[in-house]
Amino acid sequence: MTTRCRIAPSPTGPLHIGNARTALFNYLFARRTGGTFVLRIEDTDVARSTLEYERDILDNLHWLGITWDEGPEVAGLPARGPYGPYRQMERLPRYAEAAERLLSQGRAYPCYCTPEELAADRAAQEAAHRPPHYVGRCAALSAEQRRAREAEGRRPAIRFRVGQGSVVFDDIVRGRVEIETSALGGDLVIVRSDGLPLYHFTVVVDDAAMAITHVIRGEDHLSNTPKHILLFRALDADVPAFAHLPLLLNPDRTKVSKRKTQTAVADYRAQGFIAEAMVNYLALLGWSSGTEEEIFSLEQLAERFDLARVQSAGAIFDRERLEWLNGQWIRRLSDADLLGRLAPFLQAELEARRAEGRTVRQPSEEDLAALLPLVRERLPRLEAIGELAGFIFVEEIDLERDLLVPKRWDAATTREALLAVRRIVADVGAVSYEADELEPALRALAEERGWKAGDLFMAIRVAVTGRTAAPPLFDTLVALGYERTLVRLDAAVDLLAGAGASA
RNA sequence: GCCGCAUUCGUCUAGAGGCCUAGGACACCGCCCUCUCAAGGCGGAGAUCACCGGUUCGAAUCCGGUAUGCGGUACCA
């Protein structure tokens, strides 16, 4: 039997890390088992669903490399797969047909209860410390009673008879789960009075129609699974296997939420997390290989993934660990690849500086190639490129006089040193402006004047970059260029003007 | 309230009765490397395996109970 699994996002918000993780596990399961991965859009919550969210979800899944074998038409590309349509709002007749079938078999019935009646029931149950439970007011209405209510203009919802007994299933992650139907809250509404079908119903109708064999989803659906199983049976469909994944958690161990954790995949992407790291990290939330390796590409994950090795306890989303993995993956990227991914971030930084009224130089191919080795080990996120290397392309840097003077030095010494450095750079640069030439010359200067090389280099670093933390100095000077280095040294000396006389 | 699930270093996890005086990774601390920052190397600290009882020659691992946490309990998904 070939396996079929699916991800069924609701376009009521941007792609969420929790959904991304569920999508990933489904994708990996399908790849690993040689099965089919289906994407279905669950857009029956018309009040909250939007096309922009749908686009965000699809676009970011694509960015992560999570592709689907069957799904709706997107961006002008046709729908794929024999079980379409793959958007629930386009499948309304199927739900209506299924509901009709249950109705005609007496497994479902029209319910005319008003919201007020239901609220009153609930309030009474709560007051009596009873669990909320549909009282069954409409469960045994005669045809005549129904007509009377219709005559009043009441539009019925449709309720599914939950019946008695218990439902047992073997969850792939959690093992045997048994729940009494009496704990299900009574007969459940499957179609609202406005005619729109509800989630618990559509999910089952579609999983059955799309021949889904494995339902892999978040643990928050575990308690609802008996309802689904009852519906599968009532519809005379095969009940799929279930695997309930542990929840992603906020640091306080509640279900991950955007109030407490950054949840939109797009936001991580915008901050310069790369897809490889995101996928790797998400896979490790709830799954482990059983070995001590933990750096895995999507392809490697697809070779190793196994639902049997999925954890059953929830996992806190730890951004620090994600950043570490991100750095690992950035270091593994080829030059051309890294450059391509860095470009938009550098560009954004330069635009921002330009907007501040600064003079910005457009980096050439050579500039960028020279930059790469300097930054590659130093990027926790692509976005950090602006801070790390912006000074090379923005002519006006912010120089702080206090920062310019090394801890053990005074302003006069610093000024004198920078003046000397300026002469050496000018001399060396006139012949050959290379790191290999600059370093010995400047070390000799420090030696000759009895300065610690580190102090001298720090003064130069700040003069030229405006920062105390930067890529290696001599490579930085070369990347900056001969003229620009001299201009910045002059500017630093000017800033220190007056210090010479007093010292 | 009721039902369900879970519980190993701060965090992610390894662990399927003896290999566990519990392993790895992130974060943290120290040392090395070093022109700063990173990266890397080495080392350290950090878990009475939630608790209680049982089964067993032997339990982090099996069973029961308790506690705590989380999830579900909608004409949301």
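- Contact of A:Ser312 with B:C5 (side chain to base): no donor-acceptor pair of N or O atoms is detected under 3.5 Å.
- Applying the 6.0 Å contact sphere to CZ of A:Arg155 captures no more than 12 heavy atoms from other residues, nucleotides or ligands.
- Summarising the geometry, the separation between CZ on A:Arg122 and P on B:G1 is reported as 19 Å, rounded to the nearest angstrom.
- Separating the OH atom of A:Tyr134 from the C1' atom of B:C2 is a distance of 20 Å, rounded to the nearest angstrom.
- When distances are taken from the side chain of A:Trp324 to each of B:A38, B:A27, B:A77, the shortest belongs to B:A27.
- Rounded to whole Å, the separation between the P atoms of B:G10 and B:C51 comes to 13 Å.
- Residue A:Leu285 contributes atom CG, which lies 8 Å from atom P of B:C12 at whole-angstrom precision.
- Heavy-atom neighbours of A:Glu447 CD from other residues, nucleotides or ligands within 6.0 Å: at or below the threshold of 12.
- Of all nucleotides listed (B:C75, B:G71, B:G4), B:C75 comes nearest to the side chain of A:Leu118.
- Between B:A77 and A:Thr44, a contact under 4.0 Å exists linking OP1 or OP2 to a side-chain N or O.
- The side chain of A:Lys227 contributes no N or O atom lying less than 4.0 Å from OP1 or OP2 of B:U73.
- For A:Gln311, no side-chain nitrogen or oxygen approaches OP1 or OP2 of B:A6 to under 4.0 Å.
- With hydrogens and angles ignored, a donor-acceptor pair closer than 3.5 Å exists between the side chain of A:Arg378 and the base of B:C37.
- Comparing B:U61 with B:C49, their P atoms sit 9 Å apart, to the nearest whole Å.
- A salt bridge does not link A:Arg122 with A:Glu117: none of the charged nitrogens is closer than 4.0 Å to a carboxylate oxygen.
- Within the 4.0 Å cut-off from OP1 or OP2 of B:A38, not a single side-chain nitrogen or oxygen of A:Gln328 is found.
- In terms of position along RNA chain B, the nucleotide closest to A:Glu292 lies nearer the 5' end than the nucleotide closest to the other residue of the pair A:His200 and A:Glu292.
- Comparing B:C26, B:U11, B:A74 against the side chain of A:Pro132 picks out B:A74 as the nearest.
- A:Asn250 and A:Thr254 share a side-chain donor-acceptor pair at under 3.5 Å.
- With both ends at atom C1', the span from B:G4 to B:A45 equals 39 Å, rounded to whole Å.
- Spacing of C1' atoms, B:G23 relative to B:C63, comes out at 28 Å, to the nearest Å.
- B:A6 atom P lies 7 Å from atom CD of A:Glu219, rounded to whole Å.
- Phosphate contact (OP1/OP2 of B:G40, side-chain N/O of A:Arg376, threshold under 4.0 Å): absent.
- A sub-4.0 Å separation between OP1 or OP2 of B:C2 and a side-chain N or O of A:Arg130 is absent.
- Mapping A:Pro246 and A:Ala183 onto RNA chain B by nearest heavy atom places A:Ala183 at the nucleotide closer to the 5' end.
- Between the side chain of A:Arg321 and the base of B:A25 there is at least one donor-acceptor pair of N/O atoms closer than 3.5 Å.
- Distance A:Arg319 CZ to B:G10 P: 23 Å, rounded to the nearest Å.
- Between A:Asp171 and A:Arg176 no salt bridge is recorded (no basic side-chain N to carboxylate O distance below 4.0 Å).
- Separating the C1' atom of B:C33 from that of B:A39 is a span of 11 Å, rounded to the nearest Å.
- Neither OP1 nor OP2 of B:U73 sits under 4.0 Å from any side-chain N or O of A:Ser223.
- For A:Glu276 and A:Arg341, the salt-bridge test passes: some basic side-chain N is under 4.0 Å from an acidic carboxylate O.
- Within the structure, a side-chain polar atom (N or O) of A:Arg192 is placed less than 4.0 Å from OP1 or OP2 of B:C76.
- Taking atom CG on A:Asp171 and atom C1' on B:G71, their separation rounds to 14 Å, with Å as the unit.
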